[in-house]
Every structure is written in C-alpha cells, then in structure tokens.
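Here's the structure, in structure tokens; my notes come after.
Note that the structure is a prediction, hence the values are computed from the model and not measured. Within every chain, numbering begins at 1; the chains are lettered A, B, ... in the order of the sequence lines, protein sequences first and strands thereafter. Both backbone and side-chain heavy atoms feed into the values below; hydrogens, waters and symmetry mates do not.
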2 protein chains.
Amino acid sequence: MKLIISNSSNVPIYEQIKNQIIDQILKDDLKEDEALPSIRTLSADIKISVMTIKKAYDELEKEGYIITRQGKGSFVAPKNLELAKEEKKKEIEEHINKIVSISKIYNIDEKEVLDLFKYMFEGES
Amino acid sequence: MKLIISNSSNVPIYEQIKNQIIDQILKDDLKEDEALPSIRTLSADIKISVMTIKKAYDELEKEGYIITRQGKGSFVAPKNLELAKEEKKKEIEEHINKIVSISKIYNIDEKEVLDLFKYMFEGES
DNA sequence: ATACTGTTATATAATCAATATAACAGTTAA
DNA sequence: TTAACTGTTATATTGATTATATAACAGTAT
C-alpha cells in the first residue's frame with residue numbers, strides 16, 4: 001500500500017492514513033474484501049507507531065469502510081457508495097457555506113467566485 | 001463590543017474573538033483609529049482570561065488589523081481592504097480546491113455542485 | 001500619586017496526537 | 001501443539017495547544 005505521510009502537516013497522521021485509504025477504496029485501487037496490510041506490517045513499512053495505525057483503522061471501521069477481525073486482519077468492506085456520497089455532499093456544503101459567508105463580509109462578487117469555481121473544476125483532468 | 005463565545009466549539013476561544021473582531025472591522029462596525037476595549041475590561045466583560053484576550057489581540061496586530069501601544073491601548077489600524085480581500089480570496093480558493101478534489105473522487109457532478117453553490121449564494125440576503 | 005493601559009513570567013490543568021512497550025487473545029498452518 | 005502471524009488492551013511518557021490564574025513590571029495620562 002502506498003501512503004505518503006507528512007510530519008509537518010497540521011493534519012494528524014492517523015487522519016492522513018485514513019483519508020488516503022478511503023481514497024484508494026473509492027478509486028477501487030483497494031477492492032471489496034481485499035486485505036489491508038496488518039497494522040504491524042504497515043507500522044514497520046511507514047515507520048509510524050502501531051497505535052497510530054490502529055487509530056486510523058478503528059475510525060475506518062466505525063465509518064464502514066473496512067471490517068476488522070481479531071487474528072485475521074482488516075478487509076475492505078462492501079461499499080455503500082451512495083451513503084459515502086451523501087456524507088461528502090455535506091462536507092461540500094460546509095465548504096460552500098464558508099465561501100458564502102466570506103464573500104458576504106468582504107463584498108466579493110458572486111460572479112467572481114463562480115468563475116473561479118468553474119475554472120478550477122475544469123483545470124484538472 | 002459584542003462577542004459571542006462558545007465553549008463547546010472546537011474553534012479556540014482566542015480565534016473566536018479574533019475572527020469576530022476582524023468581521024466587525026471589515027463591516028465598519030469598528031472604525032479606523034477607534035479604541036478597542038482594554039484587554040482587562042474585555043476579560044471582565046466576557047469572563048475570559050486576560051491572557052486569552054491578549055493572544056487574540058496579539059494575532060490581530062500581527063495580521064495588521066489593530067495597533068497596540070503599551071499604556072494606551074489597542075486601536076483599529078488603517079485598513080488595507082484590498083489586501084484583506086486578496087487574503088480572503090486565497091481562503092476561498094482553498095475551499096474550492098477541497099470541493100473539487102472531493103467531487104472528482106466521489107464522481108459528483110460539476111453541475112450539481114454549481115447549482116448548490118448558486119442556491120446557497122442566493123439563499124441568504 | 002493614582003488609575004488606567006499593556007507586558008512578562010510562572011504555574012497549573014486539560015486535551016490531543018504520537019510514541020513505546022508489554023501482555024493478552026484469536027487464527028492458521030506446519 | 002507449537003510457531004507465527006493477526007488484532008486488543010493497558011500503561012506510561014512526551015510534546016504541543018488551549019485556557020486559566022496570579023503577580024510583578026512598565027508605559028501613559030490626569
């Protein structure tokens with residue numbers, strides 16, 4: 001498994017791990033029922049404490065992305081893409097909320113933001 | 001000065017204070033050269049430690065919003081609205097960036113996000 | 001002098017993030 | 001059954017951040 005961890009990031013390491021695994025599951029780089037590396041193996045691989053890996057895996061299980069069984073390991077859960085999508089739409093709404101309130105306070109034009117938006121959407125493939 | 005502080009928020013108190021003062025300066029509720037309440041007065045008013053108020057004021061000075069002089073007090077700095085706007089546009093860009101990357105990973109339609117965007121912009125007066 | 005301003009230093013406490021280590025428990029295959 | 005893997009739990013320690021309290025110090029103004 002390929003993970004890139006930044007120590008200088010303000011995002012906690014366990015969240016970096018969690019987020020990257022979620023992305024890989026959703027991109028189907030990690031397929032349903034596929035085994036994740038064991039927490040000890042991953043810990044050794046990326047030189048991060050076992051407990052930190054466990055915290056990431058625990059949250060992934062709580063959020064329904066993986067299933068963990070003592071003695072066996074962790075496996076990609078059957079995914080409920082629609083549910084995940086709904087969660088993410090809420091996240092998007094929060095971002096938009098912040099954009100709207102900043103724009104109001106600073107008198108930034110709706111059109112200007114909208115154009116920036118369209119530009120950035122098309123910018124990346 | 002009216003400030004609303006939430007103890008249950010995950011946003012630190014000193015940041016809540018800072019953000020609300022910035023908003024008031026930008027809305028011209030606090031005008032150039034106007035005196036802010038002394039850190040001790042504000043501390044007593046809103047029942048927050050002097051040191052926490054000081055931290056908020058220190059950051060406001062670092063960011064150019066106020067000027068503080070020992071023995072005199074703190075005053076609203078001459079504001080450079082264009083500069084502040086530029087800062088805030090960068091913040092908006094970061095939010096859009098996150099929206100775009102979420103949308104790509106989850107295959108959320110650009111149009112769907114755009115519509116949500118327009119709706120939320122018009123939603124509040 | 002007095003009464004305001006802000007400043008600095010110290011100590012304490014709570015929480016979060018990360019680490020290390022050890023002992024415990026389930027699974028599997030030689 | 002033992003060995004070698006899995007994950008689990010508990011404990012302790014470290015460092016950073018946030019917030020508090022208190023006291024002593026320093027500048028300004030009347």
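Rounded to an integer number of Å, the gap from B:Ile39 CD1 to D:dA19 P is 16 Å. Between B:Leu42 atom CG and C:dC4 atom C1' there is a gap of 16 Å when expressed in whole angstrom units. In this entry the distance linking CG of B:Asp58 with C1' of D:dT18 reads 15 Å, nearest Å. When rounded to the nearest whole Å, the span between CD of A:Glu61 and C1' of D:dG7 equals 11 Å. Taking atom CD1 of residue B:Ile66 and atom C1' of nucleotide C:dG6, one finds them 11 Å apart after rounding to whole Å.
Taking 4.5 Å as the limit, some side-chain heavy atom of A:Ile21 sits within range of a side-chain heavy atom of A:Met1.
The residues B:Lys89 and A:Glu112 are annotated as salt-bridged, a charged nitrogen and a carboxylate oxygen being separated by less than 4.0 angstrom. By the 4.0 Å N-to-carboxylate-O rule, B:Glu93 lies too far from B:Lys90 to be salt-bridged with it.
Pairs engaging residues 20-40 of chain B under the salt bridge (charged side-chain N to carboxylate O under 4.0 Å, His left out) rule: B:Asp28-B:Lys79 [sequence neighbours left out]. Counting only residues at least two apart or on different chains, the ring-ring contact (aromatic ring centres under 6.0 Å, His included) pairs with a member in residues 60-97 of chain B are A:His95-B:His95.
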List the atom pairs, with distances to 0.1 Å, where a side-chain N or O of residues 53-62 of chain B and a protein N or O form a donor-acceptor pair under 3.5 Å, not counting sequence neighbours.
{"from": "B:Lys54", "atom 1": "NZ", "to": "B:Asp58", "atom 2": "OD1", "distance (Å)": "3.1"}
{"from": "B:Lys54", "atom 1": "NZ", "to": "B:Asp58", "atom 2": "OD2", "distance (Å)": "3.3"}
{"from": "B:Tyr57", "atom 1": "OH", "to": "B:Pro37", "atom 2": "O", "distance (Å)": "2.8"}
{"from": "B:Glu59", "atom 1": "OE1", "to": "B:Lys18", "atom 2": "NZ", "distance (Å)": "3.0"}
{"from": "B:Glu61", "atom 1": "OE2", "to": "B:Thr68", "atom 2": "N", "distance (Å)": "3.0"}

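Linking Ile, Leu, Val, Met, Phe, Trp and Tyr residues whenever their side-chain heavy atoms come within less than 4.5 Å places B:Met120 and B:Ile102 in a single cluster.
Near DNA chain D, meaning a heavy atom under 4.0 Å away, the residues from residues 45-57 of chain A are A:Met51, A:Lys54. A heavy atom lying under 4.0 Å from DNA chain D marks none of the residues of residues 5-20 of chain A.
Side-chain nitrogen and oxygen atoms of A:Thr68 include none within less than 4.0 Å of the OP1 or OP2 phosphate oxygen of D:dT6. Put simply, B:Ser38 has no side-chain N or O that comes within less than 4.0 Å of OP1 or OP2 on C:dC4.
The residue B:Ser43 sits apart from the nucleic acid: no heavy atom pair falls under 4.0 Å.
Side chain of B:Gln24 to backbone of B:Lys2: a donor-acceptor contact under 3.5 angstrom is found. Panel note: side chain B:Thr52, backbone B:Ile48; no donor-acceptor pair is recorded below 3.5 Å.
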**Request:** Scan nucleotides 24-30 of chain D nucleotide by nucleotide, 5' to 3', and note B when protein non-hydrogen atoms come under 4.0 Å of the base, S if they reach only the sugar-phosphate, - if neither.
**Result:** B-BBSS-

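The heavy-atom pair separating B:Ile39 from B:Val50 by the smallest distance is CD1-CG1, 3.9 Å.
Here CD1 of A:Ile108 is found 10.5 Å from CD1 of A:Ile99. Values are rounded to the nearest 0.5 Å.
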